[in-house]
Amino acid sequence: MIDYKTEEEVEIQRESSLLVGKTLAEVAKLIQPGVTTLELDKVAEEFIRDHHAIPGFKGYNGFPNSLCTSVNEQVVHGIPNNKPLKNGDIVSVDCGVLKNGFYGDSAYTFAVGEVSAEIQQLLDVTKQSLLLGMEQAIVGNRIGDIGYTIQKYCESFGYGVVRELVGHGLGRSLHESPEVPNYGRKRSGLKLKEGLVLAIEPMINLGVKEVKQLNDGWTIVTADGKPSAHFEHDVAIRKGKVLVLSTFEHIEEVIKNK
Ligand code: MG
Ligand code: MG
């Protein structure tokens, strides 16, 4: 069943999505060689609670932390640990919050220090694929139009588009119907209607599309050990133009001033 949101509900949810963007900006300030993902997690959790919200991931199906931090070949669902990040690493930081009964869920992949041109392109293309996919998220289009657009763009660079993990509806639950694959056929799947709120989140691999799960029961890694990038925005479906609920603005302000 799909929970279509009223205008008022979308406005409440936007607050949650914006708080995620601000939390990720706090994280961005700390990202440099030597910092640990547990340190990032601690700052994020404090920031979320200081803003009268609850970390959305902590305790979700038993997940231990407030952030998913996925380094290099880790695709998503990495568990924060006390290993320092190194120059040239990339780290996907995925964050969820629950505030006023609604979830926000957004992710950004950061470069740690200086990354290679090859990896920078992976980051740029993955983020751009998200923006292109989001443009398709309007009344009258279908779910498949989003995935088709993301897949076509990323595959034109020879990248692998992860199949096993997908975007999702978002609202009073962290994961609602429908699923939002990052691959697919044009004009296929659910027809998009006003009030639908989606988390769109391409997970794009430098190498093959195949992934596997580590023995920790959470971390997803690429099958070939090559790096993977992940960006996620929350959007509400509207006529003509997508309404973006989350933001990278604060994050990119921090990155620009580093
Ligand atoms: Mg997420
Ligand atoms: Mg998500």
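Each ligand, and each atom within it, is numbered from 1 in the order the structure gives. In this chain, residues are counted from 1 in sequence order.
- At a cut-off of 2.8 Å, His168 is counted among the residues with an N, O or S atom near the Mg ion (ligand 2).
- Between the Asn87 side chain and the Glu114 main chain, a donor and an acceptor come within less than 3.5 Å of each other.
- The residues Glu46 and Lys42 are annotated as salt-bridged, a charged nitrogen and a carboxylate oxygen being separated by less than 4.0 angstrom.
- For Glu7 and Arg238, the salt-bridge test passes: some basic side-chain N is under 4.0 Å from an acidic carboxylate O.
- Nearest N/O/S atom of Asp94 with respect to the Mg ion (ligand 1) is recorded as OD1.
- Side-chain atoms of Glu26 and His250 include no donor-acceptor pair closer than 3.5 Å.
- Remark: aromatic rings of Phe63 and His77 are distant, center separation not under 6.0 Å.
- The Mg ion (ligand 1) sits nearest to atom OE1 when only the N, O or S atoms of Glu232 are considered.
- No other N/O/S atom of Asp105 lies as close to the Mg ion (ligand 1) as OD1 does.
- At a cut-off of 2.8 Å, Glu201 does not coordinate the Mg ion (ligand 1) through any N, O or S atom.
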